[in-house]
Amino acid sequence: MQKINIKWSGFIAILLMSLFTVSCDKQPIGPTGPDPVGPPAPGQYITLTDFRALYTGGGADQTVPAGTKKFRAQVISNSANEAVGNYRLQDESGSGIILYSVVGSPVYSLGSVLEVDAAGVGIVNLYNGDMELRAVPQAKVVPVNGTLVLTTRTATTAQIVTNKDAWASTLVKITGITSIVQGSTNGTGTNYTINDASGSLPLFVRTASGITVNLSGTSITGYVSIFNSTAQISIRSASDIQ
């Protein structure tokens with residue numbers, strides 16, 4: 001009996017060692033996407049809500065005051081569905097802005113987080129009614145690893161029209177769409193109309209984006225844009241319409 005116990009003890013020891021080795025070889029299971037960007041130090045950045053408030057209106061260019069803090073925001077637009085050099089940025093405060101990059105800047109991809117230092121150099125104004133920041137040197141627009149946790153507002157077309165100035169360049173979702181109607185096409189792209197029970201909203205898709213619009217969709221996620229004081233919704237990919 002003693003010999004049998006010794007044999008079994010050795011077998012169990014080998015089995016446990018094998019299981020331990022296999023367990024150690026396994027890769028950890030978890031999210032595969034970029035890690036969220038950590039919270040900034042208190043007072044490190046100005047929010048886009050406060051940054052937008054620096055513009056006092058009047059229709060004239062305004063230089064961002066010297067000493068203004070940097071802001072950190074995420075690209076929420078597909079560059080192929082925007083004019084060259086235009087990027088829609090949103091931060092955690094729920095506000096957004098157009099960044100019109102200087103010539104020679106890289107293409108900032110959808111989801112990129114940018115740290116922007118516009119103090120004393122950036123110019124803010126309304127372009128076709130949409131707030132835009134331009135003239136920031138490339139060296140002062142620094143990509144940051146990770147992603148931000150952004151809020152997508154669920155709203156009707158009427159609510160978007162009413163709040164277009166405050167919600168410009170921020171993510172929205174319209175549910176309960178009753179119809180999507182294709183309209184005119186020009187050399188740049190195609191116009192559509194998004195209808196729900198509260199009203200309607202234009203959608204413009206650039207031909208260069210290669211995006212196919214699902215006319216049977218009942219839900220759309222995109223960002224608010226303004227053209228000649230008219231609220232619009234813009235999308236990033238075909239999957240934004242479901």
Side-chain angles (χ1 to χ4, degrees), residues 27-55 64 68-82 86-101 105-119 122 124 130-133 136 140-157 159-160 162-176 201 211 219-226 231-242:
Q27 295 297 318
I29 298 173
T32 57
D35 291 332
V37 176
Q44 182 179 0
Y45 296 112
I46 186 173
T47 67
L48 276 178
T49 298
D50 290 339
F51 186 86
R52 287 175 61 94
L54 296 174
Y55 179 68
V64 177
T68 300
K69 293 177 182 177
K70 304 173 185 178
F71 67 79
R72 185 185 67 177
Q74 187 163 310
V75 178
I76 60 169
S77 57
N78 175 352
S79 61
N81 202 31
E82 280 283 346
N86 274 10
Y87 300 92
R88 304 281 176 160
L89 307 181
Q90 180 179 344
D91 73 355
E92 301 99 326
S93 71
S95 292
I97 199 167
I98 302 172
L99 172 67
Y100 182 55
S101 60
S105 295
V107 174
Y108 303 114
S109 60
L110 173 66
S112 299
V113 178
L114 305 179
E115 183 184 82
V116 181
D117 183 3
V124 180
D130 219 338
M131 188 172 290
E132 176 186 83
L133 169 65
V136 180
K140 291 183 176 290
V141 179
V142 180
V144 177
N145 290 330
T147 60
L148 302 183
V149 179
L150 303 180
T151 300
T152 300
R153 296 180 178 91
T154 298
T156 65
T157 60
Q159 288 172 327
I160 292 171
T162 298
N163 295 283
K164 67 181 189 299
D165 294 320
W167 293 358
S169 298
T170 66
L171 295 168
V172 292
K173 181 175 183 178
I174 305 170
T175 59
L201 204 61
I211 296 173
S219 172
I220 182 170
T221 301
Y223 55 89
V224 180
S225 59
I226 304 173
Q232 302 182 120
I233 187 168
S234 298
I235 56 177
R236 295 78 50 87
S237 68
S239 63
D240 280 340
I241 300 177
Q242 299 178 342

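The structure displayed is predicted, hence computed values, not measured ones.
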Electrostatic pair Arg72:Glu92 at N-O distance under 4.0 angstrom: yes
Under 3.5 Å, is there a donor-acceptor pair between the side chain of [X] and the main chain of [Y]?
X      : Y      : result
Ser109 : Ser112 : no
Glu82  : Ser79  : no
Gln74  : Leu148 : yes
Lys69  : Gly43  : yes
Gln90  : Thr151 : yes
Ser169 : Gly96  : no
Asp91  : Leu48  : yes
Asn78  : Arg236 : yes

Phe71-Tyr45 aromatic ring centre distance below 6.0 Å: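 Phe71 vs Tyr45: aromatic centres not under 6.0 Å.
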Side-chain touch [X]/[Y], heavy atoms, less than 4.5 angstrom:
X      : Y      : value
Met131 : Val124 : yes
Thr154 : Val172 : no
Ile160 : Leu201 : yes

Pair Ser234-Ser225, side-chain donor/acceptor within less than 3.5 Å: yes
Closest non-hydrogen atom pair between Leu133 and Gly122, with its separation: CD1-CA, 3.9 Å
Exercise: identify the closest heavy-atom pair between Phe51 and Val64: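 Shortest heavy-atom contact: CZ-CG2, 3.7 Å.
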Qualifying residue for side-chain contact (heavy atoms from CB on, under 4.5 Å) with Asn86, from Asp130, Asn81, Ile98, Leu99: Ile98
Side chain to side chain contact (heavy atoms under 4.5 Å, CB included) between Ile220 and Ile233, intermediate numbers included: CA-CA 9 Å; Ile220 182 170; Ile233 187 168; 4.1 Å; yes
Heavy-atom neighbours of Tyr223 OH exceed 12 at 6.0 Å: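 Yes - once you tally the heavy atoms of other residues, nucleotides and ligands closer than 6.0 Å, there are more than 12.
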Atom pair CG/OG1 of Leu171 and Thr152 - distance to nearest 0.5 Å: 4.5 Å
